[in-house]
Amino acid sequence: GDDPDGDGGAEVVVVGSSVPLRWVRLDPEMDWVMELRWTGRPEEVRWNGQPEFMCREQLEHDNNVASQSEAAAALSTFSGSHSAMMALEFCVLDENIYYRVRAEAAASLSRLVSAETEHAALHKLLKLLRDKWYRGGQVAPNDFSDLAEYHVLKATTEAVGSAKDEMGYTPAEAIDLLIDLLDDNDNAANEYDDGYYLGALLLLLGSTRLPPDEEGRDLDPELVGAVVAQVRRHMQLDLLVRSPHSVLTRCGLQALCAL
């Protein structure tokens, strides 16, 4: 269109959802030995240079795993967008999509957690976990026979644990869910050891930043006590039944140091 300021500057192009172009990828075969950086939003290193609706199209309809992962990461840069959250949620749920793309979608959802949307992205992650890995309101017994679903479960719990608000605090709902997963963990009927899964949960607890209590103190003592008790309980269990390479003790010590 014409220059709105009439000063002979660059042409202004308005891009909308009516554009017949679905998405664009530069060097899709990765033939060029280079790193591509878009300059339009330099603060967003995950952005792929496209508007949100093209990122959604790329994630939903491209069959290339690298392209889908790129689109999922790019959607995490559109803060406050409910349509971006929905596209990522559907990706995590779609069992026909490669599990690493679904894991990237879960991680992208955690980056969209904000008070602006009343933590809508976190609520989607919590709903995903409770709908898929809970039975009758309780954590379902472990079943790691499906490798893809195990990795998606682990990625979704990591997304919940790494969620932070604008102040850098971990929402209390995320901490409560991690404690529930550790409290109600049942590996009795699972043919695979759950040591590394539990170790990852302990590390997530250690990486949380606890919000202040109602009186404005830096840390809620009740919540801190619950977190520390969980870590120490699993370290004690590791003394009774050793995990592979004492992974529970190692992760527990790292978590305590990080708190």
How long is the span from the CG atom in L88 to the OG atom in S108, to the nearest 0.5 Å?
5.5 Å

Between F78 and P51 the two heavy atoms that sit nearest each other are CZ-C, 3.9 Å

I need the minimum non-hydrogen distance between S145 and E191, along with the two atoms involved.
CB-OE2, 4.3 Å

For F144, all residues meeting ring-ring contact (aromatic ring centres under 6.0 Å, His included), sequence neighbours excluded:
Y150, Y197

Linking I/L/V/M/F/W/Y whenever any side-chain heavy atoms sit under 4.5 Å apart, do M30 and L26 land together?
no

Within the 4.5 Å heavy-atom criterion, are K124 and M86 side-chain neighbours or not?
yes

Side chain to side chain, V247 and D238, heavy atoms closer than 4.5 Å
no

Can Q58 and Q50 be counted as having a side-chain donor-acceptor contact under 3.5 angstrom?
yes

Main chain of R209, side chain of T170: is a donor-acceptor contact present, judged purely on distance under 3.5 Å?
yes

So do the side chains of V228 and R232 get within less than 4.5 Å of each other, counting heavy atoms only?
yes

Is L253 reachable from L178 through a run of I, L, V, M, F, W or Y residues, each pair having side-chain heavy atoms under 4.5 Å apart?
yes

Got a list of side-chain donor-acceptor pairs under 3.5 Å for residues 157-164, not counting sequence neighbours?
{"unit_1": "T157", "atom_1": "OG1", "unit_2": "L153", "atom_2": "O", "d": "3.2"}
{"unit_1": "T157", "atom_1": "OG1", "unit_2": "K154", "atom_2": "O", "d": "2.8"}
{"unit_1": "E158", "atom_1": "OE2", "unit_2": "K154", "atom_2": "NZ", "d": "3.3"}
{"unit_1": "S162", "atom_1": "OG", "unit_2": "E158", "atom_2": "O", "d": "2.9"}
{"unit_1": "S162", "atom_1": "OG", "unit_2": "A159", "atom_2": "O", "d": "3.3"}

Looking only at heavy atoms, what is the nearest atom pair of A84 and E52, with distance?
N-OE2, 3.2 Å

Measuring from E89:CD to L128:CG, what's the distance to the nearest 0.5 Å?
5.0 Å

Residues E70 and R46 bridged, charged N to O under 4.0 Å
no

May I ask you to test the H234-L201 pair for a side-chain heavy-atom distance under 4.5 Å?
no

To the closest 0.5 Å, what do you measure between CG (L75) and CG (L112)?
8.0 Å

Taking side chain to side chain donor-acceptor pair (under 3.5 Å) as the criterion, tell me which of N190, D186, N185 meets it with N142.
N185

Determine whether N187 and P141 make a side-chain contact, defined as any pair of heavy atoms from C-beta on separated by less than 4.5 Å.
no

Please indicate whether N63 has more than 12 foreign heavy atoms, meaning atoms of other residues, nucleotides or ligands, lying under 6.0 Å from its CG.
no

Using side-chain heavy atoms (C-beta onward) and a distance below 4.5 Å, is R102 in contact with T156?
no

Would a 4.5 Å heavy-atom cut-off, applied to side chains only, mark C55 and W23 as touching?
no

Could you verify whether a donor N or O on one side chain and an acceptor N or O on the other, from E104 and S69, lie under 3.5 Å apart?
no

Calculate, to the nearest 0.5 Å, the distance between atoms CG and CD belonging to L205 and Q254 respectively.
13.5 Å

Should we count NE2 of H61 as having more than 12 external heavy atoms under 6.0 Å?
yes

Side chain to side chain contact (heavy atoms under 4.5 Å, CB included) between L240 and Q236, worked out
CA-CA 7 Å; L240 300 174; Q236 289 293 328; over 6 Å; no

Are V224 and I179 joined in one hydrophobic group, where the rule is that I, L, V, M, F, W and Y side chains link up if heavy atoms are under 4.5 Å apart?
yes

If you compare all heavy atoms of A106 against all heavy atoms of L125, which two are closest, and at what distance to 0.1 Å?
O-CD2, 4.0 Å

Give the minimum heavy-atom separation between H119 and D165, together with the two atoms involved.
NE2-CB, 3.9 Å

In plain terms, say whether R22 and E60 are close enough for a salt bridge, that is, a side-chain N and a carboxylate O under 4.0 Å apart.
no

Salt bridge R233-D183, side-chain N to carboxylate O under 4.0 Å
yes

Heavy-atom nearest pair, G195 first then L248, reads O-CD2, 3.7 Å

Please report the interatomic distance SG(C91) to CG(L59), rounded to the nearest 0.5 Å.
4.5 Å

So do the side chains of Y169 and I175 get within less than 4.5 Å of each other, counting heavy atoms only?
no

Please tell me whether L198 and Y134 are part of a single hydrophobic cluster in this structure, the criterion being side-chain heavy atoms less than 4.5 Å apart.
yes

Mark yes when over 12 heavy atoms from residues, nucleotides or ligands other than K127 sit less than 6.0 Å from its NZ; otherwise mark no.
no

Trace of the side chain to side chain contact (heavy atoms under 4.5 Å, CB included) decision for W133 with V152:
CA-CA 11 Å; W133 289 288; V152 174; 4.0 Å; yes

Test side chain to side chain contact (heavy atoms under 4.5 Å, CB included) on M85 and L109 and set out the steps.
CA-CA 6 Å; M85 295 178 207; L109 269 175; 4.1 Å; yes

Any chain of hydrophobic side-chain contacts (each under 4.5 Å) joining V231 to L237?
no

Evaluation steps, salt bridge (charged side-chain N to carboxylate O under 4.0 Å, His left out), between R111 and E44:
CA-CA 12 Å; R111 300 184 198 110; E44 297 287 3; over 6 Å; no

Hey, does the side chain of D27 reach the backbone of W32 with a donor-acceptor pair shorter than 3.5 angstrom?
yes

From CG (D62) to CG (N64), nearest 0.5 Å:
5.5 Å

